[in-house]
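Values below: every heavy atom of this structure, side chains too, minus hydrogens, waters and symmetry copies. Letters A, B, ... mirror the listed sequences (proteins, then strands); counts begin at 1.
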Protein chains: 2
Amino acid sequence: MPDIDQTDLEILRLLQHNAELTNKEISAKLHKSVAAVHERVRRLKEQGYIKRVVAILDRKKIDRSLIAFSHVLLKDHSANTLSSFEKEVIRFPEVMECFQMTGTFDFILRIATADMDAYHVFYRKLATLPNITTVQSFFVLSETKSDTAYPL
Amino acid sequence: MPDIDQTDLEILRLLQHNAELTNKEISAKLHKSVAAVHERVRRLKEQGYIKRVVAILDRKKIDRSLIAFSHVLLKDHSANTLSSFEKEVIRFPEVMECFQMTGTFDFILRIATADMDAYHVFYRKLATLPNITTVQSFFVLSETKSDTAYPL
DNA sequence: GCTGAAATAATAGCGTT
DNA sequence: AACGCTATTATTTCAGC
């Protein structure tokens, strides 16, 4: 973090939890002027500290009650196999996240579906991709903590 | 989704990707008045479809280059063991997410740290908690996809 | 539930220290 | 960098349909 100070960090802390705060509200908390906060927020976006501002939905209300993690092992690790798997898998709407991993398997996918039937549909699509050796599925029983905000 | 229509879904779609859109911009896309959009967004928040609006930071810029998944197996599954583990683990600032799972282990944690040294510090704190049998750690090599927006 | 319009509030730009 | 001031835009409210 080369070019941001404590005030910037405090702004990031606040906006990570609630990006609907107005510059006026932030300026009151930080004992700065509205214009100063405005300029800092503009800079934090421009420099890429803030990538974007998004609405977080209640997944149960929009029919994504089932979250699964899928561990994928590929047949080989050639550049082609890896990149064509990535290219295909990110196009599945069920795939919220995809990480290439170190260790005993190659990718972790986080899958959001309505229910087990919908997961099964996804699973069959996934297993059809070329060069997959195994897919292991783990299902979320309960969400103890789910945070998009990094402590700063 | 009992009480929302196609227009609401379109608003949710838009705001999931960019919550900085103004009501005017949304109203232009949907061919509705600004006041109509305003009222719908208000309702979507009030009814809990939109849980919150947050800034998403670039984790590499704020020194969280290492993401790990930790699989935790507990000694037993008594209500006490489970809930006291949950209560302790969510207090670690490194733990972004914690899910109780079905299957061969009990919890998946998503951990964000600066580097492997910082992960090691976390690992030793975690392993100190009572009733833990094993912790398996998997490290992210690369992030292929990371989305907070559900396709609607 | 939508519209248009009016009132209130926030953001964006600028000149100064 | 921060400030206050001003202009521009956006949000919020409301009467009427």
Side-chain angles (χ1 to χ4, degrees), chain A residues 1-64 148-152, chain B residues 1-64 114 147-152:
Chain A
M1 282 176 274
D3 39 24
I4 63 173
D5 63 15
Q6 282 304 315
T7 303
D8 291 323
L9 279 178
E10 190 58 42
I11 290 171
L12 292 176
R13 241 191 296 271
L14 291 167
L15 293 179
Q16 277 196 109
H17 288 103
N18 179 11
E20 295 185 298
L21 288 171
T22 64
N23 290 336
K24 194 176 171 187
E25 289 171 311
I26 297 169
S27 70
K29 286 179 202 282
L30 305 193
H31 309 293
K32 292 259 148 78
S33 73
V34 173
V37 170
H38 179 259
E39 169 57 18
R40 280 170 180 269
V41 172
R42 191 201 60 72
R43 225 192 62 247
L44 289 167
K45 285 175 181 162
E46 187 230 333
Q47 294 183 334
Y49 286 92
I50 297 173
K51 283 200 295 188
R52 55 192 191 284
V53 175
V54 302
I56 302 292
L57 307 191
D58 184 334
R59 64 182 170 81
K60 300 206 173 160
K61 287 208 171 248
I62 54 162
D63 204 23
R64 304 297 154 97
T148 55
Y150 299 97
L152 293 174
Chain B
M1 281 174 273
D3 39 26
I4 62 174
D5 63 14
Q6 282 303 316
T7 303
D8 290 323
L9 279 178
E10 190 58 43
I11 291 172
L12 292 177
R13 243 190 295 272
L14 291 167
L15 293 179
Q16 277 195 110
H17 288 104
N18 179 11
E20 294 185 297
L21 288 171
T22 65
N23 290 338
K24 192 176 172 188
E25 290 169 311
I26 296 168
S27 70
K29 285 178 202 285
L30 305 193
H31 309 292
K32 291 259 151 76
S33 72
V34 172
V37 171
H38 180 259
E39 170 56 18
R40 280 169 179 271
V41 173
R42 191 201 61 71
R43 224 192 62 249
L44 289 166
K45 286 174 181 164
E46 187 230 334
Q47 295 183 334
Y49 287 91
I50 297 173
K51 284 202 294 187
R52 53 192 193 286
V53 175
V54 302
I56 303 292
L57 307 191
D58 184 334
R59 66 182 169 80
K60 299 206 173 158
K61 288 208 170 249
I62 54 162
D63 203 23
R64 302 298 154 95
D147 219 333
T148 55
Y150 299 96
L152 292 175

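- Not one side-chain nitrogen or oxygen of Arg42(A) sits closer than 4.0 Å to the OP1 or OP2 atom of dT11(C).
- By the 4.5 Å heavy-atom criterion applied to side chains, Val53(A) and Val54(B) are not counted as neighbours.
- Asp5(B) places its CG atom 12 Å from the C1' atom of dC2(C), with the value rounded to the nearest Å.
- Comparing dT11(D), dC2(C), dA2(D) against the side chain of Ala36(B) picks out dC2(C) as the nearest.
- Annotation: side chain of Leu15(A) is in contact with side chain of Ile26(A) (closest heavy-atom distance under 4.5 Å).
- With rounding to whole Å, Arg43(A) atom CZ is found 13 Å from dA2(D) atom C1'.
- Note on Ala35(A): a base of the nucleic acid sits closer than 4.0 angstrom, heavy atoms only.
- The side chain of Ser33(A) lies closest to dC3(D) when the candidates are dC3(D), dC2(C), dT11(D).
- Closest approach of Lys24(A) and Ser27(A) over heavy atoms only: O-OG, 2.7 Å.
- Listed in residue order, the members of residues 19-29 of chain A having a heavy atom less than 4.0 Å from DNA chain C are Thr22(A), Asn23(A), Lys24(A).
- No side-chain N or O of Tyr150(B) forms a donor-acceptor pair with one of Asp63(A) less than 3.5 Å apart.
- The main-chain N or O of Arg59(B) is never found under 3.5 Å from a side-chain atom of Arg64(B) such that the two would form a donor-acceptor pair.
- Rounded to whole Å, atom P of dC2(C) lies 11 Å from atom CG of Leu30(B).
- Under the 3.5 Å distance criterion, the side-chain polar atoms of Lys61(B) are matched with a main-chain donor or acceptor of Gln47(A).
- In this entry the distance linking CD of Glu39(B) with P of dT12(D) reads 11 Å, nearest Å.
- Separating the CG atom of Asp8(A) from the C1' atom of dA2(D) is a distance of 13 Å, rounded to the nearest angstrom.
- When rounded to the nearest whole Å, the span between CD1 of Ile11(B) and P of dG1(C) equals 12 Å.
- Looking at Arg40(B) and Val37(B), their side chains never come closer than 4.5 Å, going by heavy atoms from C-beta outward.
- Here His38(A) reaches the OP1 or OP2 of dA12(C): one of its side-chain N or O atoms lies under 4.0 Å away.
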